[in-house]
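Hydrogens, waters and symmetry mates play no part in the numbers below; they use all other heavy atoms, side chains included. Convention: sequence-line order gives letters A, B, ...; per-chain numbering from 1.
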Amino acid sequence: MEQSTGDRYDFKTVEAKWQQQWAHTKPYKVSSEPGRKKYYVLEMFPYPSGRIHMGHVRNYSIGDVIARYQRMRGYNVIHPMGWDAFGLPAENAALKRGIHPAAWTYDNIDYMRDQLKAMGLSYDWDRELATCDPQYYRWEQLIFQKMMEKGLVYRKKTTVNWCDSCETVLAREQVIDGCCWRCDQQVVPRTMHGWFFKITAYADELLDDLDKLTGWPEKVVTMQRNWIGKSEGLACDFPVEGRDTGITIFTTRPDTIFGVTFMSLAVEHPLIEELIAGTEHEQPVRDFIAAALLEKQRKAVDEEPEKHGIFTGAYCINPFNNERIPIFAANFVLMEYGTGAVMAVPAHDQRDYEFARKYELTIKTVIQPAGPETVDPHPDEAFVEPGVLVDSGNFTGMDSAAAGKAIIEHAAREGFGRAHITYRLRDWGVSRQRYWGAPIPVIHCDRCGIVGVPEKELPVVLPGTDSPDGSHAPLHQQEEFIRTSCPACGGPARRETDTMDTFVESSWYFARYTSPDCRTAPIDKDEARYWLPVDQYIGGVEHAILHLLYSRFFTKVLRDLGYLDIDEPFRNLLTQGMVIKDGAKMSKSKGNVVDPNDLINKYGTDTVRLFSLFAAPPERDLEWNAQGVDGASRFLNKVHRLIHAHKQCFSGNGPAAAQLDESSRLLHRKTHQTISKVTDDIESSFHFNTAISAVMELVNLASSMPGENRKIDPAIMRECLETVILLLFPMVPHFCEEMWQVTGHESTLDNAQWPVCDAKAVAEDAVTVIVQVNGKVRARLEVPAAIDDDELRKLASGDERVIKFTDGKEPKKIIVVPKKLVNIVI
RNA sequence: GCCCGGGUGGCGGAACUGGUAGACGCAAGGGACUUAAAAUCCCUCGAAGUUCUCUUCGUGCGAGUUCGAUUCUCGCCCCGGGCACCA
């Protein structure tokens, strides 16, 4: 029979015990309390793929520390969790295993919810939501309607990025290196109708408000700025010779407009067909376009195709100097950016330069570097810097900046051009041809056109979800669903069959968490006003553009629709690094996956949480190390032993002796230094790794303190151990609750206050001063902390180890850093 | 190519605004306890030299600024991430 000595911490019993208690007493359930300061902690909600992985463990451990810490700081903390539940894997699973996507999803949610509960995360589970719940997406459908009324939604026929394997359209952001972000299949262009959100209407605000995001990593802000890609310049019309039409171009370099020697059109440019029809160029140009389109489609991931072009036979006129400009079709001009037409200035643009060289076109210099005149008759690259204009009519002699302005003004006055702003950002295509998504709440009527489903008829429920064998075919194959009557005229009509991009759901879930059961509106305004914005958002950097940009957009839209009062959803953003093993991201294909379940069963969740926090600062990648987990486990056991060894000091609660012995003073000081260090590490940078190190140091000191016969003052030991428990509580909550109880405390730590550092206790009475000779460390002096510089200087130069190196020479200079260092220069 | 990160012991990582490089942990080696193992405790642990106490070198490489540089400046090398014909 095993003889329990009580020195081994029984995590299984303890963790189960506290999780049960939390399920009962719901200490993390919160409600708004106007007048009380709030704190909103949010981790990016998971897709219910089946089971949690190490990335989740890390993400939620970080979030839980912050939530528990802020509670101890007195904040009313909201910390919700839910499920990003629509999406393709559910449909794939349905195909593969014959389970309905809804059943698959809800089963996964049940399983993963248990896993999260087994981690002891302090969520307010009463706020849990799943985006595939009609009670969630009905409000999304309402928002869609309201956006439609505001003109922020439209339908258009465009060339879209199509993924054959997912059988759906992808947004531009979802195409990575020409492949689908989800399945890595090559995407292909396809022309179809689709619904779009006018995110470009908010381009300027999305850009300008980036400056407000001072709590975001600079990297993410930069990525968003580049994504929006605002450029200012001139839009200018070049009339086509002998025709009634013109070509509009956009340029950021109006100062080079006198250097235009040809025009390049995107191969998709609609004007080309008109220009070549019936001419000798018709066939060759058509062939060229066909080849270019094919090449574009096949384009390998990072190869930059060679620049080709072909003359269309047509000319246009530069309105500034009436020069005749040949028009080319070129494979490097993007139809999707600007106007699909580029004025080519080979002297001052590298691409145009290469093109001109290849086809032996004129290169006309119109910008010279400022300063002493330089002549470069045959440059081998374009001069792309700003400079001084030459050979540019009335604008000759002006500098680039001034000339740019003057040229735009001139064009505007003459009526053939205007100042213009172009964005790289494009509208957000939200149509998906998939089953498992929120239906777009629209009806097509032959007589009335497109009609929104009336508010009282929402939600448009996804058909087939009421029974396990309901059809989960894409909606365009579900005739029963499609057939309906027009809400306007009552005549026969057809429902829209596209569902929404799942990024729509995740663009506003953080707001719904503030009032997840609201039956009258997407968001209860009072609740939102109290809780929003999110104070700390935590997730992977892979969402730096997609999810975070869409959420910012939605926040502004919801504000303009009157649902929210905020401009930005996330005040502070922490992007955590990946969990890697053997130098590579954990993935099934690499076979280096560590299953959190196994670890939690073996070590307990507190140990796993502790290690994931200790092994690296959150923003960095975390290298998983099984032996490191042993270390974390060992540490908790050490604390457990230490507390049991000193249990008697909790029996009284008398004050410390007025005159403390040396060891007690040392421990008291270290205790308060640790409070200060841990608080600072969490507050300033979430560097839990160094916070944990600091607590380890304190524990090491306490364990090494003299035993039975020469006891530490019990009040001081009690203070130390209570501090250890309090400081560790946000990271290892089950363990700490148990220790708190074992040491005789009646209340739980959920109501505990974060310890406060006593500045008086922290002050050292002796300091170590470094003595250097010529910058090299030669001695260390233990001196009273109150020592002044003169005395220090004297002490240092008199030290025998120093004299050995000064060699009797007179010092040139003595540098004294008070209470820290003396450097004697000879 | 451009824009961000990052290169520190065998490993993960510390080092506040320039001031003891390597905290804390892991691994390794030695020892104690034990019939034995586990657990625990103690010692060593950047390199070389060494009179065992020190000395020299050492934070990707090369310069520079400084009394003093992991930290600041310039130039390069390597690794990771993002963007990439944006007119």
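Contact between the side-chain N/O atoms of Arg641(A) and the OP1/OP2 oxygens of rC41(B) is found at a separation under 4.0 Å. Put simply, Asn700(A) has a side-chain N or O that comes within less than 4.0 Å of OP1 or OP2 on rG25(B). For Arg225(A), no side-chain nitrogen or oxygen approaches OP1 or OP2 of rC83(B) to under 4.0 Å. For Arg424(A) and rA87(B), the shortest distance from a side-chain N or O to OP1 or OP2 is not below 4.0 Å. Dashed line: the shortest gap from a side-chain N or O of Arg620(A) to OP1 or OP2 of rA14(B) is under 4.0 Å. A sub-4.0 Å separation between OP1 or OP2 of rC26(B) and a side-chain N or O of Arg634(A) is present.
Glu697(A) and Lys677(A) are not joined by a salt bridge, as no carboxylate oxygen comes within less than 4.0 angstrom of a charged side-chain nitrogen. A salt bridge links Asp211(A) with Arg225(A): the distance from a Lys NZ or Arg NE/NH1/NH2 to an Asp or Glu carboxylate oxygen falls below 4.0 Å. A salt bridge does not link Glu764(A) with Lys819(A): every distance from a Lys NZ or Arg NE/NH1/NH2 to an Asp or Glu carboxylate oxygen is 4.0 Å or more. One finds a salt bridge joining Asp237(A) and Arg418(A) here, because a Lys/Arg side-chain nitrogen approaches an Asp/Glu carboxylate oxygen to under 4.0 Å.
Shown for residues 767-776 of chain A: residues whose heavy atoms fall under 4.0 angstrom of RNA chain B, namely Ile770(A), Gln772(A), Lys776(A).
Using the six-membered ring where Trp is involved, Phe416(A) and Phe320(A) have ring planes that are perpendicular, over 60° apart on the 30 and 60° scheme.
No side-chain donor from either of Thr607(A) and Tyr9(A) sits under 3.5 Å from a side-chain acceptor of the other.
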Item to check | Dot-bracket summary - RNA chain B, pairs being Watson-Crick or G-U whose distances fall under 3.5 Å, with | when paired to another strand | outcome: (((((((..(((......[....))).(((((.......))))).((((....))))..(((((..]....))))))))))))....
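Proximity of Lys230(A) to Asp204(A): side-chain heavy atoms (C-beta onward) are separated by under 4.5 Å at one or more points.
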